[in-house]
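This one's a predicted model, so the numbers in the text were calculated from it and none came from an experiment. Just so it is clear: chains get the letters A, B, ... in the order the sequence lines come, proteins before strands, and each one is counted from 1.
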Amino acid sequence: AQSVTQLDSQVPVFEEAPVELRCNYSSSVSVYLFWYVQYPNQGLQLLLKYLSGSTLVESINGFEAEFNKSQTSFHLRKPSVHISDTAEYFCAVVRTGNTPLVFGKGTRLSVIA
Amino acid sequence: KAGVTQTPRYLIKTRGQQVTLSCSPISGHRSVSWYQQTPGQGLQFLFEYFSETQRNKGNFPGRFSGRQFSNSRSEMNVSTLELGDSALYLCASSPRTGEGETQYFGPGTRLLVL
């Protein structure tokens with residue numbers, strides 16, 4: 001069974017600084033990878049996903065993630081964060097073949113003014 | 001389009017009772033999945049329904065059950081509630097079933113078991 005490890009449970013960062021949220025997965029077969037964001041008192045929203053093709057995927061609000069098959073990682077990055085990016089971020093993986101999505105435990109990003 | 005709606009938003013029950021949670025997917029979406037979110041275990045998959053059929057089931061006891069209606073609305077039921085069932089229950093819908101599908105989440109139902 002696949003699993004997802006988000007290496008940092010909490011990441012504080014100053015406004016306009018860069019940030020990287022780390023995600024590693026374990027699977028010996030092909031996977032699809034997702035990042036979801038959860039703002040306070042809301043459900044999750046898709047940030048970006050990797051299905052195939054270019055290993056670098058981008059979201060509309062400046063986040064990007066790179067699929068690294070050899071390191072089984074899908075780290076999320078943003079070059080300059082805003083206060084409004086404060087939220088919990090979840091990495092998720094699904095193995096091809098009628099299997100459910102598996103989420104990491106989440107990383108709470110706190111942006112400090 | 002309206003988003004995924006879940007009712008009720010908050011619920012307080014006592015041990016031994018049962019509870020039914022409801023989820024209305026985005027119009028046109030035929031797949032509905034349920035997740036349990038707790039601080040200790042994170043997000044755990046409960047089950048997925050597509051066209052009224054359960055496609056997948058997570059590792060939860062039989063006290064957790066669900067169903068989907070012909071209009072794609074879904075309900076989940078938890079019988080004989082335990083303190084550990086206190087959690088945020090999230091419903092997500094997608095247009096089709098499949099591993100690459102984006103899931104659209106509702107705001108959740110927060111259940112407190114006393």
Side-chain angles (χ1 to χ4, degrees), chain A residues 1-10 21 23-25 27 29-54 57-60 65 67 74 87-108, chain B residues 1-7 9-10 21 23-26 29 31-51 53-60 64 66 87-110:
Chain A
Q2 69 266 34
S3 66
V4 181
T5 303
Q6 291 185 242
L7 296 156
D8 306 296
S9 59
Q10 295 189 63
L21 307 183
C23 172
N24 286 89
Y25 67 93
S27 177
V29 298
S30 296
V31 295
Y32 297 143
L33 296 152
F34 303 78
W35 276 99
Y36 281 86
V37 59
Q38 185 176 33
Y39 297 102
N41 298 315
Q42 294 185 28
L44 279 71
Q45 304 171 30
L46 179 73
L47 199 54
L48 45 76
K49 65 180 178 182
Y50 171 78
L51 302 182
S52 65
S54 172
V57 288
E58 299 175 351
S59 73
I60 57 172
F67 169 56
F74 191 54
E88 189 146 21
Y89 292 79
F90 293 90
C91 181
V93 61
V94 62
R95 185 165 50 94
T96 52
N98 190 27
T99 60
L101 203 54
V102 175
F103 284 88
K105 291 285 180 73
T107 297
R108 188 172 299 276
Chain B
K1 280 186 182 178
V4 178
T5 57
Q6 293 187 244
T7 56
R9 290 293 312 277
Y10 303 93
L21 311 182
C23 171
S24 293
I26 291 171
H29 286 196
S31 171
V32 173
S33 298
W34 289 89
Y35 296 87
Q36 182 195 65
Q37 185 178 19
T38 60
Q41 298 298 318
L43 276 150
Q44 294 187 284
F45 171 78
L46 281 155
F47 23 68
E48 180 198 2
Y49 287 88
F50 178 75
S51 293
T53 301
Q54 187 179 86
R55 282 195 81 243
N56 258 310
K57 189 177 191 307
N59 190 24
F60 278 82
F64 291 81
L88 180 67
Y89 290 88
L90 292 165
C91 166
S93 74
S94 58
R96 295 160 294 276
T97 187
E99 302 87 24
E101 290 292 320
T102 297
Q103 298 201 6
Y104 296 82
F105 284 80
T109 293
R110 190 166 295 279

Only pairs of heavy atoms separated by less than 4.5 Å count here; which of V94(A), L44(A), T99(A) has the most with chain B?
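The residue among V94(A), L44(A), T99(A) with the greatest pair count is L44(A).
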Measure distances from [X] to the heavy atoms of chain B and classify the residue's part below 4.5 Å as side chain, backbone, both or neither.
{"X": "L101(A)", "value": "both"}
{"X": "L51(A)", "value": "side chain"}
{"X": "Y36(A)", "value": "side chain"}

Can you say whether [X] sits under 4.5 Å from chain A via the side chain, the backbone, both, or neither, judging by heavy atoms?
{"X": "Y35(B)", "answer": "side chain"}
{"X": "R9(B)", "answer": "side chain"}
{"X": "L43(B)", "answer": "both"}
{"X": "Q103(B)", "answer": "both"}

Strictly distance-based, threshold 3.5 Å: is any side-chain N or O of Q6(A) a donor or acceptor partner for the main-chain N or O of G106(A)?
yes
Would you find a donor on one side and an acceptor on the other, under 3.5 Å apart, between the side chain of T107(A) and the backbone of D8(A)?
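It does hold such a pair.
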Is the distance between the ring centroids of Y32(A) and F34(A) under 6.0 Å?
no
Give, for atom CG of L21(B) and atom CD of Q6(B), the distance between the pair rounded to the nearest 0.5 Å.
8.0 Å
Y25(A) side, atom OH; L33(A) side, atom CG - distance, nearest 0.5 Å:
5.5 Å
For S93(B), enumerate each residue passing the side chain to side chain donor-acceptor pair (under 3.5 Å) test, keeping only those at least two apart in sequence or located in another chain.
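H29(B).
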Return the orientation label for the F67(A) and F74(A) ring planes: parallel under 30°, perpendicular over 60°, tilted otherwise.
perpendicular
What option among G100(B), G3(B), C91(B) has the most heavy-atom pairs under 4.5 Å with chain A?
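Winner by heavy-atom pair count: G100(B).
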